[in-house]
Amino acid sequence: MKLPEAYYLSSDVVAIARDLLGKYLFTCIDGVTTGGYIVDTEAYNGIIDKASHSYGNRITPRTKTMFEQGGITYVYLCYGIHEMFNIVTSVAGQPHAILIRAIVPTDGLDVIMHRRNMDTLKHHITRGPGSVAKALGISRKINACSLQSDTIWVEDRGLHFDAAEVAAGPRIGVDYAGDDALLPYRFYLRGNAFVSKPNK
DNA sequence: TCGTCGATCTACT
DNA sequence: GTAGATCGACGAG
């Protein structure tokens, strides 16, 4: 059921970002399992991508996780507040990553609502990368964690969307990246209520 | 060492 | 619609 390590080793990070739509992401934190299926992703294409932290081969204590072999997590803090969850792909030395922007929650809904301080399931509960991480209990403690572990993993449950349901567009919040901000590296389900920002 | 800015979200007006 | 939260990385000095 878990996607095998080989799935993450491809050098085509954009293709993996597209393929991850409909895959199920789970975490098991403190013995509680929560998860759902992915409906919004963004690809970050290594050292030539101005929007990526690893642009220009920049290696810091924060970004070194991205330079490891694919199939692990990359979790970092943004705006001092939000934890962002990424999946690292490709081989060691090639810092590709995929940001998970939104999921449709399916498992552990009561725990997810509690983590998000909500008493009903509103659509924005897992909309946006900061919200996804918080809903699933993801923090920097599970940075560089293997996706073959029993803490966090991705499953294929046979859910599939055809081309008409999937949209591609420019990534969100990367205006500083110049031309690279225009690349169609974001993939999402057209019109899905859990998808953030423009979702048409 | 300091100041600026970021792969953002929420609460309030 | 927009201000505020709040910390790590980076460039200037």
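In what follows, chains carry the letters A, B, and so on, assigned in the order in which the sequence lines appear, proteins first and then strands, with residues in each chain numbered from 1. Given the structure is predicted, the values throughout are model-derived calculations rather than measurements. These values consider heavy atoms only, across backbone and side chains, with no hydrogens, waters or symmetry-generated copies.
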Whole-Å gap separating [atom2] ([N]) and [atom1] ([X]):
| X | N | atom1 | atom2 | result |
| --- | --- | --- | --- | --- |
| A:H82 | B:dT10 | NE2 | P | 7 Å |
| A:M84 | C:dC7 | CE | C1' | 13 Å |
| A:E83 | C:dC7 | CD | P | 11 Å |
| A:L99 | B:dG6 | CG | C1' | 13 Å |

Check: A:H82 and A:K134 side chains under 4.5 Å, non-hydrogen atoms: no
Side chains of A:T73 and A:C145 in contact at under 4.5 Å (non-hydrogen atoms):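 Yes, at least one pair of side-chain atoms sits under 4.5 Å.
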Working for ring pair (Phe, Tyr, Trp, His ring centres under 6.0 Å), residues A:H53 and A:Y44: CA-CA 9 Å; A:H53 295 156; A:Y44 286 84; 7.6 Å; no
Check: A:T27 side chain, A:L136 main-chain N or O, donor-acceptor pair, under 3.5 Å: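 Side chain of A:T27 to backbone of A:L136, a donor-acceptor pair under 3.5 Å: yes, one is there.
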Stems formed with participation of DNA chain B [Watson-Crick or G-U wobble, under 3.5 Å, three or more pairs]: B:1-6 with C:7-12, B:8-12 with C:1-5
Heavy-atom protein contacts under 4.0 Å, nucleotides 8-13 of chain C, coded B base, S sugar-phosphate only, - none: SSS---
Residue pair A:N143 / A:T65, side-chain donor-acceptor N/O under 3.5 Å: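 Per modelled atom types, A:N143 and A:T65 side chains form a pair under 3.5 Å.
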Nearest-nucleotide comparison on DNA chain B, the residue closer to the 5′ end among A:G173 and A:M118: A:G173
